[in-house]
Each structure stands twice: as C-alpha cells, then as structure tokens.
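Both counts, for ligands and for their atoms, begin at 1 and track the order of listing. Position 1 is the first residue of the sequence; numbering continues from there. None of these values were measured; they are calculated from a predicted model.
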Amino acid sequence: MRTAMARVFSGVQPTGEGPHIGNYIGAFRHWVDLQKTHEECFYCVVDLHAMTLPWDPKALKEGVRRTAATLIATGIDPERSVLFVQSDVAEHTQLTWVLTCLARMGELERMTQFKEKGRGNERDSVPAGLLAYPLLMAADVLVYRATHVPVGEDQRQHLELMRDLAIRFNSRFGDTFPVPDAVIGRQGARIMSLDDPTQKMSKSSGRPASTLGMLDPPNVVRKKIARAVTDSGREVRYGQDSPAVSNLLDIFSGVTGRSVAELMADLEGQGYAPLKAALAEAVLAVLTPFQARYTELMGDPAQLDELLDRGAKRAQSFAADTFREVRERIGLRVPPR
Ligand code: ATP
Ligand code: LTN
C-alpha cells in the first residue's frame, strides 16, 4: 500500500466556452503553485462529468484536448504532475458505484449545484448523472488517496460530502482513505460575472459578455472589461455595497498577485475608467503569453495525445492499487492483474 503523504488532486470539466479567468484565479493558478510545494499533484480533465448535461460527442472530444492544452499553457508541467483524462482510468467509475451504494438520496438532493443545474427541468427529465455528479467527484479524489483538493468556493459543498463519504467508508470497512481537505483561496475563490455580480462567472452561462475567456483576443478582453457593469457610486471601493467593482478588484488582484489594498492605494481618487483600463492590461499580461503557448500546443495534437497517454498510465497504477484494496475490504473478489 502506498503511504498517505500529502497528495493533491483537482479536476476541470471540458465544457462550454472553455476556461475563463475565474477558473484561472480560483483554481489553475493555485494548481501551478502547488506543484512547487507538493511532489505528487494529479490534475484531471473530467470528461465524464461533462456528460451530466446533454453533450455533443465532437465537442466533448475537442474540449478535452483544449482543456488539457489550457492547463499545460497555464503552467502545469506534465512531467512533474500527473495530467490525465478521467475516462482513461476505469477505477474512477468503479469506485463511484461503491460510493453510490453508501450515499443517501437526501444528501445528494441537498447539493446546491444539483438544484441549480436541474432548475427549469421537470424532476422526471433531470439526468440521474447530475444527482450522481458529486459521487464521481468523490471517487476521483479518493481513488488516489489524495489529501488536498484545490477548488473554487462553488465546490465547497461537494468537498464536504466527499469527506463524509470517506469517513463513512473508513468506519464501515476500516481505514482506507485519508479525509481530504479543500484548499480554497482566501481571495478570488468566487469570481462573479462581468454583467451581473450576483452570479458566478461560469463556462456554461451561455452569455459571452459575462465571462473573460482565457482565449479571448485582446480587443475582446478590453471591450468586455470596458462594458462590465459597475456600481452606483463613482469611487473605487471594495465591500458588500460595491459588488461589481469589488469583483473587478478581485480579478485585478488575482492576475497580478497584488493585494486589493495595494491596488486601491494606486487608484486612489480615480474613477472607474482608469481602473478598467489598468485591469485590462493586467489581464492581458497573463493571457498573452498563455495564448501563445496554447496555440503552439494545439498545433501538435500528436504530442498532446502522447502526453495524455503517459499521464493515463501513471494515474492507472495508483488507482488500480487503491481499488484492489477497496475490493478486499468490501468483500468483492480480487481478480488477477
Ligand atoms: P461550468 O459552468 O461548466 O460548471 P465552471 O466554470 O464552474 O464550469 P469547472 O470546470 O466546473 O468550471 O471548474 C474548474 C475549477 O474552477 C473548479 O475548481 C471551480 O471551483 C473553479 N471555478 C469555476 N468558476 C469559478 C469562479 N467563477 N470563480 C472562482 N473559481 C471558479
Ligand atoms: N466538480 C468540479 C470538477 C471536479 C473536481 C473533481 C474538482 C471533478 N472532479 C475532483 C476537484 C476534485 C467542478 O469544478 N465543477
């Protein structure tokens, strides 16, 4: 059995318009940093999660490549970290079934994401996969015995359920899984939409003006930021009574690594226009080199596939070990390797 040293796991869905600045600030930049402090990092393109809402096969295939290239271009090093595609490792779905038999309907139905994504659909027509979504997510992490899970604020509830399931499994069948900790940044863990600061910036909003896409060209980035909604005052303020401008400051802080206080001191006495102009340049300082690297990677699909094949092999060996132990503990036969 491999020991439970600090091990990082996180995932991103290959859905919608592709990653946005909220994904970068809330998740990817931390994933890149964690590579420096943690020897074992697993980063996964979760294609099976993308099937919980209706999907197009061609778009799914293309989305997986794009998302993998995005992660590498942001700074995930596929030599150092294990970068792979969820469906390449069968044990994720096998462990999901085990967890499905331990979870309770009530705890799944209480999940905010389930309630929100299922909204507007009659209960009879909501895909059952949407309900099972957090179980697949729990299996993703537990099958690697990961200890740290860097995510945005929207995933906090799923992490709580994952911890409950790990504890439940351990108490019924013996100590098998470390209880994983959510790693959620103090700032930027919930970037809001540019056109509505009450809604999370999301890949699948269907409103291009609401997100800053990581692949948006410079003129689009400048235009979207210029048009972003602001608050009723005129001064740059941070706090609950200024949600739109606070969100712009969170983005500014997220792409520069500077504190909001520092940024506000720089902008003192200035209105929204200078804030937006400075923010657009700061965002582009991150996106321009990212986009150059991304284009390079997408130009060589064979190399990208090869990297993912290697990631799958590395991931498989860890997942197979854990699932064999799970089999033993829960009373399933352990087939020959
Ligand atoms: P979708 O809208 O399709 O659900 P998403 O934009 O929420 O997609 P995911 O692939 O589900 O993106 O999430 C990848 C990572 O980015 C997760 O850790 C998630 O918590 C984080 N994240 C997503 N949206 C935001 C946001 N607006 N602010 C901060 N972090 C975010
Ligand atoms: N549900 C997550 C994506 C995800 C994930 C994971 C994150 C799937 N499996 C395991 C962390 C660990 C989301 O961001 N929507």
TODO: In plain terms, say whether Asp195 and Lys224 are close enough for a salt bridge, that is, a side-chain N and a carboxylate O under 4.0 Å apart.
DONE: no
Task: Sub-4.0 Å atoms of ligand 1 with respect to non-hydrogen atoms of Gly26 - done: 29 (C), 30 (N)
TODO: Could you tell me if any non-hydrogen atom of His20 lies under 4.0 Å from any atom of ligand 1?
DONE: yes
Open item on the list: So if I apply the side-chain hydrogen bond (donor to acceptor under 3.5 Å, both in side chains) rule between Glu40 and each of Arg7, Arg80, Gln35, which one comes out positive?
Closed with: Arg7
- [ ] Would you mind checking which non-hydrogen protein atom is closest to atom 1 (P) of ligand 1, with the distance to 0.1 Å?
- [x] Ser204 OG, 3.3 Å
Task: Close aromatic pair by centroid cut-off 6.0 Å: Phe114 and His158 - done: no
Open item on the list: Show me which atoms of ligand 1 lie under 4.0 Å from any heavy atom of Val12.
Closed with: 10 (O), 14 (C)
Open item on the list: Ring-plane angle category for Phe84 and Phe9, please: parallel below 30°, perpendicular beyond 60°, tilted otherwise.
Closed with: perpendicular
TODO: For ligand 1, note which part of Ser205 has a heavy atom under 4.0 Å away: side chain, backbone, both or neither.
DONE: neither
Open item on the list: Under a 4.0 Å threshold between the charged nitrogen and the carboxylate oxygen, would Asp250 count as salt-bridged to Arg190?
Closed with: no
Open item on the list: Pairing donors with acceptors under 3.5 angstrom, does anything connect the side chains of Asp231 and Tyr272?
Closed with: no
- [ ] Could you say whether the N/O atoms of Met201 and ligand 1 ever approach to under 3.5 Å?
- [x] yes
Task: Gly188 near ligand 1 by a heavy-atom separation under 4.0 Å - done: yes
- [ ] Please confirm whether Ile25 comes under 4.0 Å of ligand 1, counting heavy atoms of the residue only.
- [x] no
Open item on the list: Please list the nearest protein heavy atom to atom 31 (C) of ligand 1 with its residue and the distance rounded to 0.1 Å.
Closed with: Gly22 O, 3.6 Å
Task: For atom 2 (O) of ligand 1, closest protein heavy-atom neighbour - done: Ser202 OG, 2.4 Å
In a simple table, one pair per line, please give the protein and ligand 2 atom names for every N or O pair closer than 3.5 Å, along with the distance.
| from | atom 1 | to | atom 2 | distance (Å) |
| --- | --- | --- | --- | --- |
| ligand 2 | 1 (N) | Tyr133 | OH | 2.6 |
| ligand 2 | 1 (N) | Gln155 | OE1 | 3.2 |
| ligand 2 | 9 (N) | Asp140 | OD2 | 2.7 |
| ligand 2 | 14 (O) | Gln155 | NE2 | 3.4 |
| ligand 2 | 15 (N) | Gln13 | NE2 | 3.4 |
| ligand 2 | 15 (N) | Tyr133 | OH | 2.8 |
| ligand 2 | 15 (N) | Gln155 | NE2 | 3.1 |

TODO: For atom 16 (O) of ligand 1, find the nearest protein heavy atom and state the residue, atom name and distance (0.1 Å precision).
DONE: Asn23 ND2, 3.1 Å
Open item on the list: Quiz question: by atom type and distance under 3.5 Å, do the side chains of Tyr24 and His30 form a donor-acceptor pair?
Closed with: no
- [ ] Salt-bridge test for Arg168 and Glu107: reply yes if a basic N is under 4.0 Å from a carboxylate O, no otherwise.
- [x] yes
Open item on the list: I'd like to check which ligand 1 atoms, numbered from 1 as shown, lie under 4.0 Å from a non-hydrogen atom of Ala189.
Closed with: 28 (N), 29 (C), 30 (N)
Task: Atom indices of ligand 1, in the order listed, that fall short of 4.0 Å to a heavy atom of Lys117 - done: 1 (P), 4 (O)
Task: Residues Arg329, Glu325: salt bridge by 4.0 Å N-O rule - done: yes
- [ ] Applying side chain to side chain donor-acceptor pair (under 3.5 Å), run through Ser210 and Ser205 and close with a yes or a no.
- [x] CA-CA 8 Å; Ser210 71; Ser205 70; 3.0 Å; yes
Task: Contact check: Ala27 vs ligand 1, nitrogen or oxygen atoms, below 3.5 angstrom - done: no
Open item on the list: Are there over 12 heavy-atom neighbours, none belonging to Arg337, within less than 6.0 Å of that residue's CZ?
Closed with: yes
- [ ] Could you tell me whether Arg222 and Glu281 have a side-chain N and a carboxylate O separated by less than 4.0 Å?
- [x] yes
Task: Closest protein heavy atom to atom 11 (O) of ligand 1, given as residue, atom name and distance to 0.1 Å - done: Gln13 NE2, 3.1 Å
Task: Test of proximity, Lys200 against ligand 1: N or O pairs below 3.5 Å - done: yes
Task: N/O separation below 3.5 Å, Pro150 to ligand 1 - done: no
Open item on the list: I need the contact type for Met137 against ligand 1. Using non-hydrogen atoms and a strict under-4.0 Å cut-off, is it side chain, backbone, both or neither?
Closed with: neither
- [ ] State plainly whether the residues Lys313 and Asp309 are in salt-bridge range, i.e. N to O under 4.0 Å.
- [x] no
Task: Salt bridge Asp154-Lys200, side-chain N to carboxylate O under 4.0 Å - done: yes
Task: Ligand-side contact atoms (ligand 1) for residue partner Thr15, heavy atom cut-off under 4.0 Å - done: 3 (O)
Open item on the list: What protein heavy atom lies closest to atom 10 (O) of ligand 1? Include the residue and the distance to one decimal.
Closed with: Lys203 NZ, 2.7 Å
Open item on the list: I need the nearest protein heavy-atom contact for atom 18 (O) of ligand 1: residue, atom name and distance, please.
Closed with: Gly152 N, 3.2 Å
Task: Arg310/Glu306 ion pair, N-O < 4.0 Å - done: yes
TODO: Nearest 0.5 Å please: distance from the CE atom of Met105 over to the CZ atom of Arg110.
DONE: 11.5 Å
- [ ] Out of Leu53, Ile191, Val183, indicate the one that has the non-hydrogen atom closest to atom 26 (C) of ligand 1.
- [x] Ile191
- [ ] Quick one: do Arg258 and Asp266 satisfy side chain to side chain contact (heavy atoms under 4.5 Å, CB included)? Show the steps, please.
- [x] CA-CA 11 Å; Arg258 299 177 66 203; Asp266 276 5; 2.8 Å; yes
TODO: Ignoring hydrogens, just give me the one of Val46, Ile251, Asp154 whose non-hydrogen atom is nearest atom 19 (C) of ligand 1.
DONE: Asp154
Open item on the list: I'd like to check which ligand 1 atoms, numbered from 1 as shown, lie under 4.0 Å from a non-hydrogen atom of Gln155.
Closed with: 20 (O)
Task: Asp140 side chain to Gln86 side chain, donor-acceptor N/O pair below 3.5 angstrom - done: yes
Task: Glu153 N/O to ligand 1 N/O under 3.5 Å - done: no
